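Please find one structure pasted underneath; my questions will follow.
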Amino acid sequence: MASTLENFIHSLDPRALPRVLQIQSGIYFQGSIYEMFGNECCLSTGEVIKVTGFKINKLIASICENNEDSQFSAKVELPLNFPGLYKVVADKTPYISIEEITKKVAIGSTRFGHPCFYSSEDIKLANLTIKQEGKFYECEDDQIYTLKEIAEWKIPRCRNRIVKLSNTLHTWDSSNPLPDNFDGCLILTPVYEVQAVMKFRKDIVHILSDLDVEVKDITDCYDTSSFLQPLSLEDVFERTSKEFPMIAEVMEGPLGRQKPYNLLHIGKEIVIYKKYQATRVLASEIRSDSPKRHFLIPMTYKGKFKRRPREFPTAYDLEIARSEREQLHVVATKAFDSPHTELFSVSVGDQFLVQQRQTSEVLYEGRKKVIDVLACEQILSDTYKEVLLPMYMEGGFVEVIHDKKQYQLSEICKEFRLPFNVKVSVRDLSVKEDVLAAVPGLQLEEEITDSYLLISSASSPVESWEIPVYRLNMSVHLLSKDVQAVLPPMTKTTVEEISEEEYYMVRRFENQTLHPPPRPPKKPAALAPKPVSAVSKQVISDVLQATKNFCVDTTKKSCANQAADVSELQVSCQNDLVHHDNVKDMTGKPTLVEAAVIKGLTNNPLGKWESEKEQEEEHNYEYVDENVIENIRKVFQDTTTRNKDILSEDRRDI
């Protein structure tokens, strides 16, 4: 029975792929137009195609100015990267069985794939199995999502999805299709991009599901082996190790000028030697004036790194960062007025050597209370002073670097705790262009394990390359040819620059099995801190001037009794690296004048810095930083939870 392509795809279960379709009513264009915007637009009546996959390409949104019960009017087209955060409105149409839920709702291992339903009737259990009975309604969802997340996880098969705009991110660089100050609901209808193969073509074609054609499913009466069988890299990776090596022909290749991507064009024959897991270090560019670049660095990277200062927003972060290898030396960039006489009040420019975590008794509302503190030594002009900082302290600290050694990547991962700030000091000479060498500063964030295939050219196997399985849009079909050389040639690994979306997907899947770090201790609610002054550019300059000749007495502090240069300092509010001349002071102690300068730093005017900060905030970049989205999510969730708690307390009072 014939149906429109749109209806067929909307009702198609991905688990039923591939499907062979015959075009019942075709569509034609005059002239030589065969393809528009990368999608097929001419399909002849009687033509046979094999559908191998489909995904949401864009969304058609019907606009409602008030709420989901009002009438929807105008329709607009929204790309998946359209900015904004949206709240999903629970579907009022019930599901008649658990089977219907599993067929129509996206279910996965991440938090997006955990749908929640309730039954309006009693559920009878037999051997812990829910019987087919009852109606299941979708629960209200307190989370907020991007359009792309909604498209991937929150639009059931054969259904539309109503969403309400929660937060607007003003970053769209073209005309906004939504009304000004829009605060209503949208009913989202997906338009799919269908991936298919045709009998007499070796490439993969892409067809939009809203193309005006009728199709008929003839899978059961057609020989599917007459088509080429496209395989994604994921499909290849799922093959058993005994099936490698194999020869394949590229049907759809990746975009890119860097090797090996520029070699993987359509029709290219390659040898796939093996599949395996490899370690990479996830790194991000240190800067704040534009979107950060992100990299995956192989352990075989042959460049060398020098350390760069880290910044720490709380005393708790100092405790996490300290190590037995060396003593952590920091400068305060934000003042803190302690509510307890037993604990230390911090001024901008104070320098500390971090010791260890311990407990201390303080007087709290007339009674003694034991709290967690961080023991430090304050560096004075000619001595050291033992001080205690509360773990809940909301301050700001920047690391002072004394280590001038150059490190290999493997050494850093072995000797230090990530995240760790570095800069390339010696570029990797084994590659023509080292993309990391031009980056002013890098934060090595974490080690990840990723899936790779080892490939080479079938015609000229001079070198082999690692290609990522889950970040490369590439399809191949296997050839029945024998592999001449079982052992791969010399393997080359490259630094892979990844997009912002790929960066957060890597972090999301890498961290989903890890336990979150313990939360910092809360400060006493009754003790509101006094206003604190943030560090200014002039303050940082003064700190550097006061400390550039300073070095720590290392017979006592394990820092060696020699001069140490304070050459770089990273400002917490700006992330810029400030370079200064290296000047050595063999006395190892700051003068009384320098100590006086440090002591008076908190009195410096901040007007200039605040004015510059306001100018920076006026910039409106097109790019949306995922951190902004996550912060909004957190605030939204905290507010929702707080409101629920207040409502529960009110009900108990009643």
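The model shown is predicted, which means the values in this text are computed figures rather than measured ones. Heavy atoms only: backbone and side chains are in, while hydrogens, waters and symmetry mates are out.
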Worksheet item: Between F352 and F397, is any pair of side-chain heavy atoms under 4.5 Å apart?
Response: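 Side-chain contact under 4.5 Å: yes.
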Worksheet entry | Nearest-0.5 Å distance that lies between atom CD in E496 and atom CG in D450 |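 Atom-to-atom, E496:CD and D450:CG are 7.5 Å apart.
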Worksheet entry | Minimum side-chain heavy-atom gap K423-I286 below 4.5 Å |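 The answer is no, as the side chains (C-beta and beyond) never meet within the 4.5 Å cut-off.
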Worksheet item: What's the shortest heavy-atom distance between P390 and L343, and which atoms?
Response: CB-CD1, 3.7 Å
Worksheet item: What's the verdict on salt bridge (charged side-chain N to carboxylate O under 4.0 Å, His left out) for D317 and R310, showing C-alpha distance, side-chain angles and the deciding distance?
Response: CA-CA 11 Å; D317 294 293; R310 293 170 288 178; over 6 Å; no
Discussion item. Tell me whether S425 contacts the main-chain N or O of K304 through its side chain, where contact means a donor paired with an acceptor under 3.5 Å.
Written reply: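 Flag set: sc S425 to bb K304 pair under 3.5 Å.
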Discussion item. If you define the side chain from C-beta out and look only at heavy atoms, does anything of E399 sit under 4.5 Å from L328?
Written reply: yes
Fill in: Rounded distance (nearest 0.5 Å) linking atom CD of E285 with atom NZ of K292
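Going from CD on E285 over to NZ on K292, the span is 9.0 Å.
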Practice prompt. Show the numbers, then the answer: is there a side-chain contact (heavy atoms from CB on, under 4.5 Å) between E445 and S284?
Written response: CA-CA 7 Å; E445 298 182 3; S284 295; 2.6 Å; yes
Worksheet item: Got a second to check how far Q378's CD is from T383's OG1, nearest 0.5 Å?
Response: 10.0 Å
Discussion item. Parallel, tilted or perpendicular: which one describes the rings of Y407 and F416, with boundaries at 30° and 60°?
Written reply: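 Rings of Y407 and F416: perpendicular, as their planes differ by over 60°.
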Worksheet item: How are the rings of Y503 and H294 set relative to one another: parallel (under 30°), tilted (30 to 60°) or perpendicular (over 60°)?
Response: parallel
Fill in: Minimal non-hydrogen separation, A332 against S347, with atom names
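Heavy atoms of A332 and S347 come nearest at CB-O, 3.6 Å.
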Discussion item. Do V439 and V424 have side chains that approach each other closer than 4.5 Å (heavy atoms only, starting at C-beta)?
Written reply: no
Fill in: Straight-line distance of Y504 OH to I498 CD1, nearest 0.5 Å
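Here the rounded value is 10.5 Å.
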Worksheet entry | Note, Q406 side chain near K306 side chain (heavy atom, < 4.5 Å) |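 In contact.
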Worksheet item: So which of L282, V281, L442, L444 actually passes side-chain contact (heavy atoms from CB on, under 4.5 Å) with F295?
Response: L442
Worksheet item: With no hydrogens and no angle check, is any side-chain donor or acceptor of R325 less than 3.5 Å from a backbone partner on E415?
Response: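 No, the answer is negative, given that no donor and acceptor are paired below the 3.5 Å cut-off.
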Discussion item. Taking P440's backbone N and O only, do any of them form a donor-acceptor pair with R287's side chain (distance below 3.5 Å, no angle check)?
Written reply: no
Worksheet item: Are Y316 and D372 linked by a side-chain donor-acceptor pair shorter than 3.5 Å?
Response: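 No, D372 and Y316 have no side-chain donor paired with an acceptor closer than 3.5 Å.
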Worksheet entry | Main-chain N/O of E149 paired with T146 side-chain donor or acceptor, under 3.5 Å |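 A pair under 3.5 Å: yes.
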Fill in: Atom of I401, atom of K404 and distance for their closest heavy-atom approach
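I401 and K404 have their closest heavy atoms at O-NZ, 4.2 Å.
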Worksheet item: Any side-chain heavy atom of L363 within less than 4.5 Å of one from E342?
Response: yes
Worksheet item: Residues in salt bridge (charged side-chain N to carboxylate O under 4.0 Å, His left out) with D403, at least two apart?
Response: R307
Worksheet item: Atom CD of E324 and atom CD of Q356: how far apart are they, to the nearest 0.5 Å?
Response: 9.0 Å
Worksheet entry | Heavy-atom pair of closest approach, residues S345 and S338 | OG-N, 2.9 Å
Item to complete: List in chain and number order the residues that pass salt bridge (charged side-chain N to carboxylate O under 4.0 Å, His left out) with R293, two or more places apart in sequence or in another chain; answer none if no residue qualifies.
Response: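 So R293 forms a salt bridge (charged side-chain N to carboxylate O under 4.0 Å, His left out) with E497.
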Worksheet item: Passes side-chain contact (heavy atoms from CB on, under 4.5 Å), D350 versus F344? Steps please.
Response: CA-CA 11 Å; D350 285 349; F344 188 69; 3.8 Å; yes
Practice prompt. Search all heavy atoms of F312 against all heavy atoms of A321 and return the closest pair with its distance.
Written response: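 The answer is CE2-CB, 3.4 Å.
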Worksheet item: After noting the C-alpha distance and the side-chain angles of R280 and E447, does the key distance pass the side-chain contact (heavy atoms from CB on, under 4.5 Å) rule?
Response: CA-CA 6 Å; R280 294 290 188 270; E447 290 186 54; over 6 Å; no
Practice prompt. Report yes if the side chains of S360 and H340 come closer than 4.5 Å at any heavy-atom pair, otherwise no.
Written response: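 S360 does not reach H340 side chain to side chain.
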Practice prompt. For A90, check side chain to side chain contact (heavy atoms under 4.5 Å, CB included) against everything at least two apart and list the hits.
Written response: E138, E140
Worksheet item: Mind checking whether Q277 and S451 have side chains closer than 4.5 Å, heavy atoms only?
Response: yes
Practice prompt. Compare every heavy atom of V398 with every heavy atom of P309, then report the nearest pair and how far apart it is.
Written response: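 Smallest heavy-atom distance, with atoms named: CB-CG1, 4.1 Å.
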Discussion item. If you count heavy atoms of other groups shown closer than 6.0 angstrom to NZ of K405, is the number above 12?
Written reply: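 Atom NZ in K405 is packed in, count exceeds 12.
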Worksheet entry | Within 45° cone and under 6.0 Å: R161 NZ/CZ vs Y86 ring | no
Fill in: Any donor-acceptor N/O pair, D428 side chain to K302 backbone, under 3.5 Å
yes
Worksheet entry | Donor-acceptor pair, side chain of K87 and main chain of D141, under 3.5 angstrom | yes
Worksheet item: If only atom types and distance count, is the side chain of T333 paired as donor or acceptor with the main-chain N or O of G396 below 3.5 Å?
Response: yes
Discussion item. For a side-chain contact (heavy atoms from CB on, under 4.5 Å) check, start with the C-alpha distance between R427 and L436, then their side-chain angles and the critical distance, and finish with the verdict.
Written reply: CA-CA 8 Å; R427 75 174 187 89; L436 300 181; over 6 Å; no
Item to complete: Give the ring-plane orientation class for H329 versus H402, where under 30° counts as parallel, over 60° as perpendicular and anything between as tilted.
Response: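 Because their plane-to-plane angle is under 30°, the rings of H329 and H402 count as parallel.
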Practice prompt. Mind checking the CZ-CG spacing from F82 to L147? Nearest 0.5 Å is all I need.
Written response: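 Result: 7.5 Å between the selected atoms.
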